[in-house]
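To keep things clear, I will list the structure first and then write my remarks on it.
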Amino acid sequence: MLSGKTAVVTGASRGIGRAIAVKLASMGAFVVINYNGSEERAMEVKREIEAGGGAAAVCQCDVSDYGKCESFIQNVIREYGRIDILVNNAGVTRDGLLMKMSEEAFDQVIATNLKGAFNTIRFVSRQMLKQKSGRIINLSSVVGVTGNAGQANYAASKAGIIGLTKAAARELASRGITVNAIAPGFIETDMTSVLPEKAREASVAQIPLGSFGKPEQVAAAAAFLASEDAGYITGQVLHVDGGMVM
Ligand code: NAP
């Protein structure tokens with residue numbers, strides 16, 4: 001269980017981040033629910049956690065902003081004393097074919113998905129080094145491993161997450177800090193709800209287990225990686241993808 005632990009989950013107002021926040025809180029962690037624009041939905045997550053007997057706080061921060069991440073993490077440490085678990089989940093897509101992709105669409109996706117994870121790890125790792133313990137979990141994606149037409153920016157950001165995870169795992173291992181990535185396949189969230197029916201059918205056809213996954217199934221993997229039981233696992237990429245990539 002995670003009683004006495006403090007967890008920060010970025011992008012926890014919706015989808016997978018929401019499910020991870022609820023799961024970690026159900027295991028006893030105090031959860032800091034980060035969001036960027038969806039304040040009301042972040043408050044709903046807090047209410048859901050409290051209704052289940054857990055404890056949480058809500059904190060706005062655009063993770064792509066280095067300076068704001070520094071203040072965000074410092075405020076969490078000042079208010080709650082420690083950070084035991086960091087889940088870098090915040091992510092966006094700006095899909096388009098490479099030849100038509102704007103510089104801004106490329107930069108925004110890299111800034112949120114990849115630099116956002118660097119920004120939080122940069123400031124949280126100092127605290128975890130002092131504590132001589134910690135768990136960092138970064139959300140990658142199957143397309144960070146396989147690539148995907150129309151997602152050059154997103155695939156690059158998610159492949160970057162894997163490199164960042166492994167480098168951080170090597171740097172932080174000697175102080176008892178583990179760093180792992182989760183690579184989900186297609187999961188039922190706002191991000192995939194925009195897929196046209198035909199594209200959805202084509203996607204399901206590539207999934208050996210025959211359906212999209214649920215945010216709770218990714219949250220279960222994050223909860224395991226955050227637990228004491230995962231203490232000897234670091235630098236790994238855990239696929240939660242119905243067998244898409246094997
Ligand atoms: P989602 O439903 O679109 O939710 C995205 C979350 O990220 C929201 O809570 C959003 O907060 C937050 N966010 C976006 N930009 C942010 C920023 N600059 N700063 C802070 N928070 C920000 O996405 P999801 O499907 O749950 O995906 C969650 C993670 O899993 C992402 O990293 C995604 O790439 C990855 N993933 C998803 C799938 C899938 O099939 N769904 C597959 C593979 C990987 P606001 O609403 O407050 O802006």
Side-chain angles (χ1 to χ4, degrees), residues 8-23 31-46 48 58-69 71-73 76 86-95 105 107-120 137-148 151 153-162 164-165 181-195 199-200 203-204 206-207 209 211-219 221-222 237-242 244-245:
V8 171
V9 184
T10 70
S13 52
R14 296 185 278 126
I16 293 170
R18 175 188 181 125
I20 293 173
V22 169
K23 179 72 179 177
V31 179
V32 178
I33 301 159
N34 160 257
Y35 69 98
N36 187 26
S38 307
E39 183 178 8
E40 189 38 48
R41 294 191 68 175
M43 292 305 296
E44 263 174 41
V45 181
K46 181 176 188 292
E48 182 181 341
V58 163
C59 202
Q60 194 280 336
C61 175
D62 176 351
V63 296
S64 70
D65 187 317
Y66 182 82
K68 286 185 179 152
C69 280
S71 319
F72 165 45
I73 297 303
V76 171
L86 168 66
V87 183
N88 281 308
N89 166 83
V92 291
T93 50
R94 291 277 303 272
D95 297 353
D107 288 347
Q108 189 206 344
V109 170
I110 298 291
T112 305
N113 300 6
L114 179 56
K115 190 177 159 221
F118 161 74
N119 289 344
T120 55
I137 300 156
N138 300 319
L139 270 289
S140 178
S141 164
V142 287
V143 309
V145 178
T146 63
N148 194 24
Q151 289 197 307
N153 49 1
Y154 184 76
S157 74
K158 295 301 182 179
I161 282 287
I162 293 173
L164 175 64
T165 297
I182 297 176
F186 289 98
I187 308 297
E188 301 277 9
T189 68
D190 294 347
M191 193 176 267
T192 50
S193 67
V194 295
L195 282 175
R200 203 185 158 84
S203 306
V204 170
Q206 300 169 43
I207 306 171
L209 285 176
S211 63
F212 277 27
K214 296 193 168 21
E216 291 71 22
Q217 292 170 318
V218 182
V237 182
L238 178 54
H239 285 249
V240 183
D241 64 1
M244 270 180 85
V245 177

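Heavy atoms only: backbone and side chains are in, while hydrogens, waters and symmetry mates are out. Order of listing sets the numbers, starting from 1, for every ligand and every atom in it.
Taking 4.0 Å as the cut-off between side-chain N and carboxylate O, Arg18 and Asp190 do not count as a salt-bridged pair. For the pair Arg200 and Glu188, the salt-bridge criterion is met [side-chain N within less than 4.0 Å of a carboxylate O].
By the salt bridge (charged side-chain N to carboxylate O under 4.0 Å, His left out) test, Glu39 pairs with no residue at all, sequence neighbours left out. With sequence neighbours left out, Thr192 forms a side chain to side chain donor-acceptor pair (under 3.5 Å) with no residue at all.
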Quiz: residues 137-146 side-chain donor-acceptor pairs under 3.5 angstrom, not counting sequence neighbours:
unit_1 : atom_1 : unit_2 : atom_2 : d
Asn138 : OD1    : Asn88  : ND2    : 2.9
Asn138 : ND2    : Thr165 : OG1    : 3.0
Ser140 : OG     : Lys158 : O      : 2.9
Ser141 : OG     : Val143 : N      : 3.1
Thr146 : OG1    : Val142 : O      : 3.3

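No donor-acceptor pair under 3.5 Å is formed between the side chain of Asn113 and the backbone N or O of Tyr154.
Among protein residues, Gly11, Ala12, Ser13, Arg14, Gly15, Ile16, Asn34, Tyr35, Asn36, Gly37, Ser38, Cys61, Asp62, Val63, Asn89, Ala90, Gly91, Val92, Thr112, Leu139, Ser140, Ser141, Tyr154, Lys158, Pro184, Gly185, Phe186, Ile187, Thr189, Asp190, Met191, Thr192 come within 4.0 Å of ligand 1, judged on heavy atoms.
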